[in-house]
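Before any comments, here is the structure.
Since this is a predicted model, take the numbers as computed values, not measurements. If you read the sequence from its start, that first residue is 1, and numbering goes on from there.
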Amino acid sequence: MESLLKRQLHTATLKAFGYGGGGCINSGQGYLTDAGKVFVKMNDKAEARRMFDGEYESLQAMLTTATVRVPRPVCVLDAPREDGGALLVMEYMEMHSLSKQEAELGQQLARLHLSNLRLLDDEERSESRVGAEKETPKAIRQFGFPVTTCCGYLPLDNAWNDEWLPLFARQRLQSQMEMLEKRHGDREALSLWPQVERALPHLFQGLEVRPSLLHGDLWSGNAAEVEGEGPVVFDPACFYGHHEFDLAISSMFGGLGNKFFAGYHQLVPKEAGFERRHVLYQLFHYLNHWNHFGQSYRTSSLSLMRKVAAMASESKD
């Protein structure tokens, strides 16, 4: 692997430093090169290339908005293994636990979500003007993403859709239910699913959803801060979707703090029905964790399915 990195990074120096480590899916290692420090994520699964290609494009998309700090991706490489695997090389950052800069991160996430909406507004205004057009990024008018991304190691169907609810219902929730049926065949979950489907339109009545660029997996373990530079987020699974989706996992598993949400909602106020949709979007993540890690997430997933199913008969917030 080191010879591959030296060749692709055009460096004679390649010295590992720090402690190699990683999460429950990938491992990682910092390296000193002729051009400075890099961080290399590694995964030996056959599908690793698809996962890292999606993360590379996600980081690039977030960088383009200039709203929130992310590691700059360098390249994706096939691992020198006959049975697959891949490497993602990116900028090395000296990260520390997020503590003092939660409110700033909340505002930066809001600006990320607003970035495409402002491009949409600008394009609508420019259509009524006469004169030369400025060279500005093009707004994204659909929901989805140009490539497959992975929330964990499971792929997301990011095929473009003109509307948000069909994408979320079919390409997020239904896809999780199909995996759940294959892996676990849980009868109670399968019996609740039609009730959840019937409830979905009730949660979006009167709501206009426009595509925002989302991090896609912003739980507290994917956020940190860099001294002198501010907050940073990493391990994205980007797509264009409803901005509220990103906040669901941010409040799970210990969650980001109140200052984060207060900072966010200063720029993006809550809309009617937010709390119900928050439960709905959390359901996706619990189902995804059930498919990743097994039965320990069954009880929470079923509880949320019952809550969402009951929402069809409740009045709007």
Side-chain angles (χ1 to χ4, degrees), residues 22-28 40-65 70-79 81 83-90 112-113 115-116 138 140-183 209 211-219 221-222 233-243 245-246 248-249 281 283-293:
C24 52
I25 295 174
N26 302 303
S27 58
V40 180
K41 289 177 68 172
M42 298 162 273
N43 189 291
D44 59 6
K45 291 183 179 293
E47 305 85 3
R49 179 72 194 226
R50 176 181 61 189
M51 178 173 62
F52 285 156
D53 281 341
E55 184 173 346
Y56 179 98
E57 294 299 332
S58 295
L59 291 169
Q60 288 282 34
M62 294 178 75
L63 274 172
T64 300
T65 69
V70 297
R72 180 181 57 83
V74 177
C75 62
V76 179
L77 303 171
D78 291 319
R81 296 165 51 93
D83 52 352
L87 315 171
L88 171 58
V89 184
M90 67 183 76
L112 172 71
H113 291 167
S115 60
N116 190 60
K138 293 290 185 183
I140 300 299
R141 297 180 176 273
Q142 292 179 295
F143 300 91
F145 202 62
V147 301
T148 298
T149 53
C150 296
C151 192
Y153 62 78
L154 295 176
L156 299 175
D157 179 359
N158 288 329
W160 294 106
N161 201 305
D162 290 333
E163 298 181 17
W164 166 244
L165 185 52
L167 183 147
F168 181 69
R170 299 170 193 158
Q171 297 165 229
R172 294 296 180 266
L173 289 182
Q174 186 173 311
S175 65
Q176 291 291 329
M177 291 303 302
E178 289 170 354
M179 280 187 277
L180 199 67
E181 183 175 12
K182 291 178 182 178
R183 294 172 183 223
V209 180
S212 292
L213 180 61
L214 309 182
H215 177 284
D217 193 16
L218 189 57
W219 68 293
N222 285 345
V233 297
F234 46 93
D235 291 358
C238 285
F239 63 97
Y240 287 87
H242 187 198
H243 64 270
F245 178 90
D246 251 355
I249 198 169
Y281 291 145
L283 173 59
F284 165 80
H285 290 290
Y286 274 105
L287 292 174
N288 188 46
H289 276 69
W290 189 353
N291 279 316
H292 271 87
F293 307 116

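- Of the possible donor and acceptor atoms, one in the side chain of Thr64 sits under 3.5 Å from a partner among the backbone N and O of Gln60.
- Between Thr148 and Pro155, the closest heavy-atom pair is CG2-CB, 3.7 Å.
- Counting all heavy atoms, side chain and backbone alike, Ala86 lies closest to Ala48 at N-CB, 3.7 Å.
- Here the side chains of Asn158 and Gln171 are not in contact, with every heavy-atom distance at 4.5 Å or above.
- In this structure, Asn291 contributes its side chain and Gln176 its backbone to a donor-acceptor pair below 3.5 Å.
- Rounding to the nearest 0.5 Å gives a distance of 7.0 Å between CG of Asn161 and CZ of Arg170.
- Formation of a donor-acceptor pair under 3.5 Å by the Thr65 side chain with backbone atoms of Leu112 is not found in this model.
- Although no hydrogens or angles enter the test, the distance criterion places a donor-acceptor pair under 3.5 Å between the side chain of His215 and the main chain of Phe234.
- The two atoms that bring His292 and Gly152 nearest to each other are NE2-CA, 3.4 Å, heavy atoms only.
- Looking at every heavy atom in both residues, Asn26 comes nearest to Phe52 through OD1-CZ, 3.6 Å.
- Using modelled atom types, one side-chain atom of Asp246 and one backbone atom of Gly216 make a donor-acceptor pair closer than 3.5 Å.
- Residues Pro236 and Glu55 approach most closely at CD-CG, 4.0 Å, considering heavy atoms.
- At a threshold of 4.5 Å between non-hydrogen side-chain atoms, the residues Ile140 and Trp160 count as touching.
- Looking only at distances, a side-chain donor or acceptor of Asn288 sits under 3.5 Å from a matching main-chain atom of Cys151.
- Between atom CH2 of residue Trp290 and atom CG of residue Leu180 there is a gap of 4.5 Å, rounded to the nearest 0.5 Å.
- Of the possible polar contacts, one joining the Asn116 side chain to the Pro211 backbone as a donor-acceptor pair under 3.5 Å is found.
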**Evaluation steps, side-chain contact (heavy atoms from CB on, under 4.5 Å), between Leu156 and Arg172** = CA-CA 7 Å; Leu156 299 175; Arg172 294 296 180 266; 3.8 Å; yes

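- Between Phe168 and Tyr281, the ring center distance clears the sub-6.0 Å criterion.
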**Verdict with supporting geometry, Arg49 and Asp53, side-chain contact (heavy atoms from CB on, under 4.5 Å)** = CA-CA 6 Å; Arg49 179 72 194 226; Asp53 281 341; 3.1 Å; yes

**Request:** Test side-chain contact (heavy atoms from CB on, under 4.5 Å) on Leu63 and Arg72 and set out the steps.
**Result:** CA-CA 7 Å; Leu63 274 172; Arg72 180 181 57 83; 4.1 Å; yes

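- We find that Lys41 and Asp235 are joined by a salt bridge, their nearest charged nitrogen and carboxylate oxygen being less than 4.0 Å apart.
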**Prompt:** Hey, mind stepping through Tyr240 and Gln142 against side-chain contact (heavy atoms from CB on, under 4.5 Å) and telling me if it holds?
**Reply:** CA-CA 7 Å; Tyr240 287 87; Gln142 292 179 295; over 6 Å; no

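- Distance check: Leu283 CG to His285 NE2 gives 10.0 Å after rounding to the nearest 0.5 Å.
- A donor-acceptor pair under 3.5 Å is formed between the side chain of Asn43 and the backbone N or O of Ile25.
- Between the side chain of Asn222 and the backbone N or O of Val233, no donor-acceptor pair lies under 3.5 Å.
- Atom CD of Gln174 sits about 10.5 Å away from atom CG of Asp157, to the nearest 0.5 Å.
- Between Phe143 and Phe245, the gap from one ring centroid to the other reaches at least 6.0 Å.
- What you find for Ala237 and Cys150 is that their closest heavy atoms are CB-O, 3.2 Å.
- The CG atom of Leu167 sits 13.0 Å away from atom CZ of Phe145, with the distance rounded to the nearest 0.5 Å.
- Atom CG of Leu154 is separated from atom CE of Met179 by 5.0 Å, given to the nearest 0.5 angstrom.
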